[in-house]
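Okay, structure first, notes after.
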Amino acid sequence: MENLFNNTEVAFAIKSNKELKRAKFLFEMIASPTMVKIGTKLTNLALNLRLPVKGIIRKTVFDHFCGGETEEECLTVVNKMYAKGVSSVLDYSVEGKKDEQEFDKAVQVTLKTIEYAKQNPGIPIVVFKPTGFGRFELYEKIGEGKPLTEAEQKEWERVVERYDLVCRTSYENDIIILIDAEHSWMQDAADDLIEEMMSRYNKDKAIVFGTLQMYRWDRLDYLKKLHQRAKEKGFHIGMKVVRGAYMEVEAARAKEKGYKNPICESKEATDINYNNAIAYMMEHIEEMGIFAGTHNEESSLRLMNLVKEKGLAVNDRRVWFGQLYGMSDNISFNLANQGYNVAKYLPFGPVRDVMPYLIRRAEENTSVAGQTGRELSLINKEIKRRGL
Ligand SMILES: Cc1cc2nc3c(=O)[nH]c(=O)nc-3n(C[C@H](O)[C@H](O)[C@H](O)COP(=O)(O)OP(=O)(O)OC[C@H]3O[C@@H](n4cnc5c(N)ncnc54)[C@H](O)[C@@H]3O)c2cc1C
């Protein structure tokens with residue numbers, strides 16, 4: 001049998017010929033690490049000099065990886081994807097902001113995405129980043145167990161209020177809320193707060209989802225202990241399960257500070273850890289909700305099989321598959337075509353502010369990082385099939 005994920009007619013059904021050719025151009029460009037380096041430097045320079053480059057960024061990399069600059073603009077993509085059974089997770093992808101005003105703005109934007117979700121069945125899930133709602137250094141200090149000053153205590157109370165407001169609003173509207181995971185040295189404080197939110201809002205089912213980064217060797221143990229506490233207190237666990245995006249920085253910091261690298265010793269070890277977490281959660285699916293955030297075909301196949309083995313309906317609302325917009329459409333659209341729940345992160349925000357996100361996507365798609373080969377060959381296959 002041909003690999004399910006190689007059906008490019010299904011994978012690219014919503015892409016016009018023009019969009020397909022743009023994708024080919026884009027992935028060919030970013031296949032070269034040198035091009036990515038030069039492109040990144042020139043783009044940043046042009047933006048800093050306020051040169052009129054927004055148009056060209058929008059027409060190329062931005063429109064491929066993002067839904068638009070605002071929630072409204074995203075709706076065209078949301079509706080197109082949903083017509084093929086693929087849902088959207090509106091993701092306000094503005095990063096690196098550090099002041100209270102920006103944190104409050106991120107809360108307002110997240111609340112607005114919940115409002116959109118309420119009105120649009122194509123948006124069943126929303127998301128935010130811990131450092132979108134509070135200062136990195138504050139999470140870090142709390143995680144280290146250091147005493148806070150009075151001002152910091154007040155600052156943290158505001159972070160807790162922000163989490164509570166969006167989680168409560170999600171709960172009241174029955175919209176799943178995912179909370180991303182970031183660097184390990186700020187994550188403990190975020191995890192404790194997310195656990196508190198789960199205990200408040202996941203009494204009947206998983207609405208609040210934290211994130212397990214399975215490239216961390218300590219996460220399976222963490223999951224099992226969290227499960228014990230959830231059973232004692234009577235709440236469901238919601239988890240986005242990913243491998244993890246900050247491998248190099250984690251290793252470099254561990255080396256510099258002289259502690260054990262929190263990352264698994266090899267890719268294979270990460271893969272095993274990932275599989276084990278998914279298997280554990282599926283074993284206890286009565287008390288859990290899973291969002292498998294991965295572009296890995298084998299991981300996706302495994303979870304499909306577990307759903308079947310468990311006798312669950314393919315569209316059981318406790319199991320979701322997730323990819324990023326602009327990547328791995330072959331997985332998303334073919335899974336949706338088989339009836340599984342699939343949601344793609346659909347980033348939005350002003351072009352300038354979304355640049356760090358776009359640069360990360362370009363970097364992880366270079367030939368060195370490995371994804372491009374697959375994306376390009378699928379795009380070429382579809383171009384050939386359409387006779388373009
Ligand atoms: C919908 C979605 C949401 C996401 N949310 C988050 C998030 O909140 N936080 C976050 O950190 N990431 C997040 N990611 C990114 C994710 O963690 C991965 O970086 C990315 O998806 C690549 O992993 P993979 O499973 O798709 O594929 P694969 O290509 O199979 O795996 C690549 C990953 O394996 C791990 N790896 C590679 N080499 C080694 C090695 N030598 N030793 C140990 N491990 C290795 C790394 O984590 C690397 O990213 C998300 C991804 C998706 C699709």
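None of these values were measured; they are calculated from a predicted model. Read the numbers this way: they start at 1 and go in the same order the structure lists the ligands and their atoms.
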Point to revise | Check: Asn296 N/O within less than 3.5 Å of ligand 1 N/O | key: yes

Practice item. Check Tyr246 against ligand 1 and report side chain, backbone, both or neither, counting heavy atoms closer than 4.0 Å. Key: side chain

**Study point:** Candidate with minimal heavy-atom separation from atom 36 (N) of ligand 1, of Met247, Glu265, Glu297
**Key:** Met247

**Study point:** Atoms of ligand 1 close to Ala181 [distance to a heavy atom under 4.0 angstrom, numbered from 1]
**Key:** 7 (C), 8 (O), 9 (N), 10 (C), 11 (O)

Check your understanding: Side chain, backbone, both or neither: which part of Lys267 has a heavy atom under 4.0 Å from ligand 1?
Key -> both

Exercise for review: For the pair Tyr171 and Tyr201, name the ring-plane relationship: parallel under 30°, tilted 30 to 60°, perpendicular over 60°.
Suggested key: tilted

Check your understanding: Against heavy atoms of Cys264, which atoms of ligand 1 measure under 4.0 Å?
Key -> 42 (N), 43 (C)

Review point. When you check the gap from the basic side-chain N to the acidic O, do Arg317 and Asp174 get nearer than 4.0 Å?
Key: no

Review point. Got a salt bridge between Lys98 and Glu102, using NZ or NE/NH1/NH2 to carboxylate O under 4.0 Å?
Key: no

Check your understanding: Does any N/O atom on Tyr345 come nearer than 3.5 Å to any N/O atom on ligand 1?
Key -> no

Point to revise | Matching residue for Arg243 among Lys267, His295, Gln213 - test: side-chain contact (heavy atoms from CB on, under 4.5 Å) | key: Lys267

Review point. Any N/O of Leu324 closer than 3.5 Å to an N/O of ligand 1?
Key: no

Check your understanding: Which of the numbered atoms in ligand 1 are below 4.0 angstrom from a heavy atom of Gly322?
Key -> 1 (C), 53 (C)

Review point. Knowing that exactly one of Thr211, Val166, Val127, Ile194 qualifies, which makes a side-chain contact (heavy atoms from CB on, under 4.5 Å) with Ile179?
Key: Ile194

Review point. Should the proximity of Thr270 to ligand 1, defined as any heavy atom under 4.0 Å, be assigned to the side chain, the backbone, both, or neither?
Key: side chain

Review point. Among side-chain atoms of Tyr345 and Asp180, is any donor-acceptor pair under 3.5 angstrom?
Key: yes

Exercise for review: Could you say whether the N/O atoms of Val242 and ligand 1 ever approach to under 3.5 Å?
Suggested key: no

Study note, to complete from the structure: Checking heavy atoms under 4.0 Å, the part of Ser299 that sits near ligand 1 is neither

Exercise for review: Ignoring hydrogens and angles, state whether a donor on the side chain of Asp91 or Ser93 is under 3.5 Å from an acceptor on the partner side chain.
Suggested key: yes

Check your understanding: Under 3.5 Å between some N or O of ligand 1 and some N or O of Thr294?
Key -> yes

**Study point:** Over-ring placement of Lys260 relative to Trp217, 6.0 Å and 45° cut-offs
**Key:** yes

Practice item. Could you tell me whether Gly293 and ligand 1 have an N or O pair separated by under 3.5 Å? Key: no

**Study point:** Atom indices of ligand 1, in the order listed, that fall short of 4.0 Å to a heavy atom of Ala245
**Key:** 10 (C), 11 (O), 12 (N), 17 (O), 19 (O)

Exercise for review: Would you please test Glu73 and Arg58 for salt bridge (charged side-chain N to carboxylate O under 4.0 Å, His left out) and show each step?
Suggested key: CA-CA 13 Å; Glu73 277 183 32; Arg58 274 218 65 154; 3.0 Å; yes

Check your understanding: Should Glu250 and Arg216 count as an ion pair when the cut-off is N to O under 4.0 Å?
Key -> no

Review point. Should Tyr215 be counted as touching ligand 1, given the test is an N or O pair under 3.5 Å?
Key: no

Check your understanding: Does a side-chain N-to-carboxylate-O contact under 4.0 Å join Glu382 and Lys15?
Key -> no

Exercise for review: Decide whether the shortest distance between a heavy atom of Lys344 and an atom of ligand 1 is less than 4.0 Å.
Suggested key: no

Exercise for review: Record the part of Arg243 in heavy-atom contact with ligand 1 below 4.0 Å; permitted values are side chain, backbone, both and neither.
Suggested key: both

Check your understanding: Which of the atoms in ligand 1, numbered in the order shown and given with their element, are less than 4.0 Å from a heavy-atom of Asp180?
Key -> 8 (O)

**Study point:** Within reach of ligand 1, part of Lys240 (heavy-atom separation under 4.0 Å)
**Key:** side chain

Only distances under 3.5 Å count here; give the side-chain donor-acceptor pairs of residues 281-289 to other protein atoms, sequence neighbours excluded, each with its distance to 0.1 Å.
from	atom 1	to	atom 2	distance (Å)
Glu286	OE1	Arg318	NH1	3.3
Glu287	OE1	His227	NE2	2.6

